[in-house]
Amino acid sequence: MQQSVNVKQTKVSTRLIAQIGILAAISYLLRFFEIPLPIFPPFLRIDLSDVVAVFGGISMGPVAGFVIVVIKNLLQAITGSTTGGVGEIANVLIAGPYVLMICLFCRKVKSYKNVLIGAVLGTIAMAIVGAVVDYFIVFPLYAKVMVPMEVIIQMGTVLNPRVTDLFSFMIWLVVPFNIVKGAIMTVVILPLYKKVEKILTVK
């Protein structure tokens with residue numbers, strides 16, 4: 001009896017690891033399909049790679065969702081980073097709260113309502129955390145390894161005259177960008193999550 005339980009647990013663990021790996025690979029591939037929006041600087045682009053992490057997290061738990069985000073960014077950093085790893089660090093720290101919030105709300109009861117509540121709160125968290133992380137960590141690092149801070153601020157000023165320094169860049173461009181990104185991902189997730197969740201559920 002005990003042996004049968006151990007075999008079953010091993011099969012579940014193996015399948016779980018395999019699914020996390022597959023979803024991380026899919027998420028990594030989707031990362032290359034970025035959509036620039038003319039109202040934001042060219043280095044702020046929309047992609048749907050974190051939608052995959054949300055689906056994985058809803059089906060397999062919040063930790064699995066976050067692990068997918070981490071693995072995706074490790075693959076990106078190793079194979080094709082254009083930001084010296086800065087963009088990948090940013091994605092883990094900023095997209096992570098969005099993925100975790102939805103997955104935590106759906107941990108006990110999976111429903112459209114909980115997905116929506118988690119997505120709204122996740123978007124708010126992503127906007128706040130994104131502004132803090134970008135202001136104190138990401139943009140200063142990016143300015144050191146890629147583009148001078150003055151050039152970055154100038155990019156923002158061209159798009160929005162209210163942008164005069166890094167703080168105003170966060171308020172008028174970074175926060176709105178993360179809100180738009182969260183809204184777009186939510187619109188994609190809501191009609192698909194039930195079907196995908198049934199496919200991915202580990203039995």
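The basis for the numbers below is simple: all heavy atoms, side chains too, and nothing from hydrogens, waters or symmetry mates.
- Considering only residues two or more places apart in sequence or on other chains, Arg107 meets the salt bridge (charged side-chain N to carboxylate O under 4.0 Å, His left out) condition with none of them.
- Residues Ile171 and Arg162 fail the side-chain proximity criterion, which asks for heavy atoms closer than 4.5 Å.
- Note on ring orientation: taking the six-membered ring where Trp is involved, the planes of Phe40 and Phe177 are perpendicular (angle over 60°, cut-offs 30° and 60°).
- Atoms CD and CD1, from Glu88 and Ile78 in turn, are 10.0 Å apart once rounded to the nearest 0.5 Å.
- Side-chain contact between Asp50 and Val54: absent, with no pair of heavy atoms (C-beta onward) separated by less than 4.5 Å.
- Sorted by first then second residue, the side-chain hydrogen bond (donor to acceptor under 3.5 Å, both in side chains) pairs that include residues 121-138, not counting sequence neighbours, number zero.
- Closest heavy-atom contact between Met101 and Leu121: CG-CB, 3.8 Å.
- Both Leu141 and Ile153 belong to a common hydrophobic cluster when Ile, Leu, Val, Met, Phe, Trp and Tyr are linked at side-chain heavy-atom distances under 4.5 angstrom.
- Test Val147, Val133, Leu166 against Phe139 for side chain to side chain contact (heavy atoms under 4.5 Å, CB included) and you get one pass: Leu166.
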Residue pair Ile189, Ile102: steps toward the side chain to side chain contact (heavy atoms under 4.5 Å, CB included) verdict: CA-CA 10 Å; Ile189 290 166; Ile102 297 177; 4.2 Å; yes

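- Interatomic distance, CD1 of Ile137 versus CD1 of Ile89, reported as 8.5 Å (0.5 Å rounding).
- Clustering ILVMFWY residues whenever any of their side-chain heavy atoms sit less than 4.5 angstrom apart, transitively, puts Ile22 in the very cluster that holds Ile68.
- Taking hydrophobic clusters as Ile, Leu, Val, Met, Phe, Trp and Tyr residues chained together by side-chain heavy-atom distances below 4.5 Å, Ile58 does not share a cluster with Val109.
- In this structure, CD1 in Ile46 is found 6.5 Å from NZ in Lys181, a value given to the nearest 0.5 Å.
- Within the 4.5 Å cutoff, the side chain of Pro36 has heavy atoms near those of the Arg45 side chain.
- The CZ atom of Phe66 lies 11.5 Å from the CG atom of Leu104; values are rounded to the nearest 0.5 Å.
- Hydrophobic clustering places Met155 together with Met149 (ILVMFWY residues linked when any side-chain heavy atoms are closer than 4.5 Å, directly or through intermediates).
- Distance alone, capped at 3.5 Å, places no donor-acceptor pair between the Asn114 side chain and the Lys110 backbone.
- Here the closest heavy-atom approach between residue Leu159 and residue Pro38 is recorded as CD2-O, 3.4 Å.
- Between the side chain of Thr157 and the main chain of Thr164, no donor-acceptor pair closer than 3.5 Å is present.
- Taking CG of Leu37 as the reference point, atom CG of Leu44 lies at 9.5 Å (rounded to 0.5 Å).
- For CZ of Phe33, the number of neighbouring non-hydrogen atoms (other residues, nucleotides, ligands) closer than 6.0 Å is 12 at most.
- Residues Lys113 and Ile117 form a side-chain contact, since some pair of their non-hydrogen atoms from C-beta on lies under 4.5 Å apart.
- Here CG of Leu29 is found 10.0 Å from CD of Gln76. Values are rounded to the nearest 0.5 Å.
- The hydrophobic clustering, which links ILVMFWY residues whose side-chain heavy atoms are closer than 4.5 Å, places Val187 and Ile35 apart.
- Applying the ring-ring contact (aromatic ring centres under 6.0 Å, His included) rule to Tyr112 yields the partners Tyr193; only residues at least two apart in sequence or on another chain are considered.
- Contact of the Asn91 side chain with the Lys72 side chain is registered, since non-hydrogen atoms from C-beta on lie closer than 4.5 Å.
- Side chain of Ser59 to main chain of Phe55: a donor-acceptor pair is present (N/O by atom type, distance under 3.5 Å, no hydrogens or angles).
- A pairwise comparison of heavy atoms in Gly56 and Ala64 identifies O-CB, 4.4 Å as the closest pair.
- The shortest distance between side-chain heavy atoms of Leu116 and Leu190 falls below 4.5 Å.
- Using a 4.5 Å cut-off on side-chain heavy atoms (C-beta onward), Val51 and Leu192 make no contact.
- Looking at heavy atoms from C-beta onward, Val120 lies out of side-chain contact with Phe105 at the 4.5 angstrom threshold.
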